[in-house]
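Only heavy atoms go into these numbers, but all of them, side chains included; no hydrogens, no water, no symmetry mates. Only a predicted model underlies this, so the values are computations on that prediction, with no experimental measurement involved. Below, chain A is the first sequence line, B the second, and so on; all start at residue 1.
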Protein chains: 2
Amino acid sequence: MYQIEEVAKKTNLTKRALRYYEELGLVSPSGRTESGYRLYTDEDVTHILHVKNTRDLLGASLQEIKEIMDLGKRYELLKQDYFSDKHANDQHVGEKLRLLTELEVTLRAQRDVLQEKLNKLTEMLQGYDEKLTRITNKKRELEKESKE
Amino acid sequence: MYQIEEVAKKTNLTKRALRYYEELGLVSPSGRTESGYRLYTDEDVTHILHVKNTRDLLGASLQEIKEIMDLGKRYELLKQDYFSDKHANDQHVGEKLRLLTELEVTLRAQRDVLQEKLNKLTEMLQGYDEKLTRITNKKRELEKESKE
DNA sequence: ACAGACATTAACGTTGACGTAAACGTAAAA
DNA sequence: TTTTACGTTTACGTCAACGTTAATGTCTGT
């Protein structure tokens with residue numbers, strides 16, 4: 001169990017940001033000390049890093065991230081439901097299918113955005129590499145020239 | 001030569017954004033009409049798209065992008081210099097080498113950031129794919145179950 | 001026991017990246 | 001020719017994502 005400062009260092013976020021994320025309902029420390037200090041588990045930290053990655057890499061707003069995550073929670077809820085005896089009911093099975101489909105659609109959309117970004121990133125990387133080799137060549141030229 | 005509205009559509013940016021980028025010194029239309037309308041060339045559009053990609057994919061601020069681009073301009077200036085007769089001067093060659101090295105270092109840093117992002121994106125993509133297959137499986141299960 | 005480094009909440013401030021409205025000129029079409 | 005639909009600059013508004021400050025409580029070493 002870590003205190004906020006420790007987590008800030010681990011995640012490279014500020015304490016303010018961590019509290020802000022919590023305020024938005026994005027992350028919640030698993031516990032508090034008697035006196036009210038936030039206590040984070042390793043799992044919490046992993047979760048925070050995932051949020052950060054989603055923000056940085058997907059470029060998603062914190063609101064969007066929250067929406068995705070809320071959907072994830074519905075998924076977890078669904079999973080629990082799956083093992084309850086209620087699922088004998090046919091109507092309930094239909095409801096679960098509906099939710100699963102919705103989740104699938106959303107995740108696939110997210111995935112496609114990621115894929116698109118990955119493609120463009122690869123292009124950009126190639127561009128950089130070409131520029132870099134051109135520079136390296138030019139440097140060689142100049143060095144040769146200066147020796148003559 | 002396109003007017004601003006056309007460019008806005010091509011780049012999927014707003015007119016306001018285009019003017020704002022110009023204000024920051026990020027992009028400049030190659031010309032103006034007699035009456036002061038902005039005129040963009042295809043090259044300008046390509047440039048704007050590059051800026052947009054850098055913003056979206058690298059997640060860089062417009063200021064950072066400007067700094068990168070200013071370095072690019074120094075590179076172009078250097079290239080012109082390269083063909084001037086001044087480069088007979090040894091000292092001048094040294095200066096060029098210094099600048100080229102600086103440019104190389106900066107670009108390589110940028111490239112590494114890109115590479116890092118690409119790696120993380122790939123990880124995330126895998127995570128999404130795993131989740132999606134799990135969902136697909138669960139859906140199959142449920143569909144089977146509802147048929148019995 | 002007390003200084004100093006941590007924590008808390010509450011509230012106002014800041015910054016980047018535009019949006020929006022006003023007041024106006026221009027170009028194309030009816 | 002007079003709408004209609006573009007363009008211009010200027011300037012204030014907005015919103016997300018925190019930063020910062022204030023006022024206060026808590027833990028830790030000496």
- With B:Glu104, which residues qualify under side-chain hydrogen bond (donor to acceptor under 3.5 Å, both in side chains), at least two apart? A:Lys139, B:Arg108
- Expected list for residues 5-18 of chain B near DNA chain D, using heavy atoms below 4.0 Å, is B:Glu5, B:Lys15, B:Arg16
- What residues 35-51 of chain A contributes to the DNA chain D interface at heavy-atom separation below 4.0 Å is A:Ser35, A:Tyr37
- Task: Any chance you could pull the hydrophobic cluster mates of B:Leu39, using side-chain heavy atoms under 4.5 angstrom and chaining through other members?
- Result: B:Met1
- For B:Leu18, which fellow cluster members are found when Ile, Leu, Val, Met, Phe, Trp and Tyr are connected by side-chain heavy-atom distances below 4.5 angstrom, either directly or through intermediates? B:Tyr2, B:Ile4, B:Val7, B:Leu13, B:Tyr20, B:Tyr21, B:Leu24, B:Leu26, B:Val27, B:Tyr40, B:Val45, B:Ile48, B:Leu49, B:Val51, B:Leu62, B:Ile65, B:Met69
- Contact boundaries of DNA chain C with chain B (under 4.0 Å, heavy atoms), 5' to 3'? C:dA17 to C:dA27
- With sequence neighbours excluded, give me every salt bridge (charged side-chain N to carboxylate O under 4.0 Å, His left out) pair touching residues 15-26 of chain A. A:Glu5-A:Lys15, A:Glu22-A:Arg32, A:Glu22-A:Arg38
- Task: Not counting sequence neighbours, list each pair that qualifies as a salt bridge (charged side-chain N to carboxylate O under 4.0 Å, His left out) and has a residue in residues 113-122 of chain B.
- Result: none
- Query: Which ones in residues 19-34 of chain B lie close to DNA chain C, meaning a heavy atom under 4.0 Å from one of its atoms?
  - Reply: B:Tyr20, B:Tyr21
- Note on the structure: Note: contacts of residues 55-68 of chain B with DNA chain C (heavy atom, under 4.0 Å) are B:Arg55, B:Ser61, B:Leu62
Show the atom names and distances, to 0.1 Å, of all donor-acceptor pairs under 3.5 Å that link a side chain in residues 121-132 of chain A to residues at least two apart or in another chain.
{"residue": "A:Thr122", "atom": "OG1", "partner": "A:Leu118", "partner atom": "O", "Å": "2.7"}
{"residue": "A:Asp129", "atom": "OD1", "partner": "B:Arg111", "partner atom": "NH1", "Å": "2.9"}
{"residue": "A:Asp129", "atom": "OD2", "partner": "B:Arg111", "partner atom": "NH1", "Å": "3.4"}

- Item | With A:Asp56 via side chain to side chain contact (heavy atoms under 4.5 Å, CB included) - residues at least two apart | A:Lys52
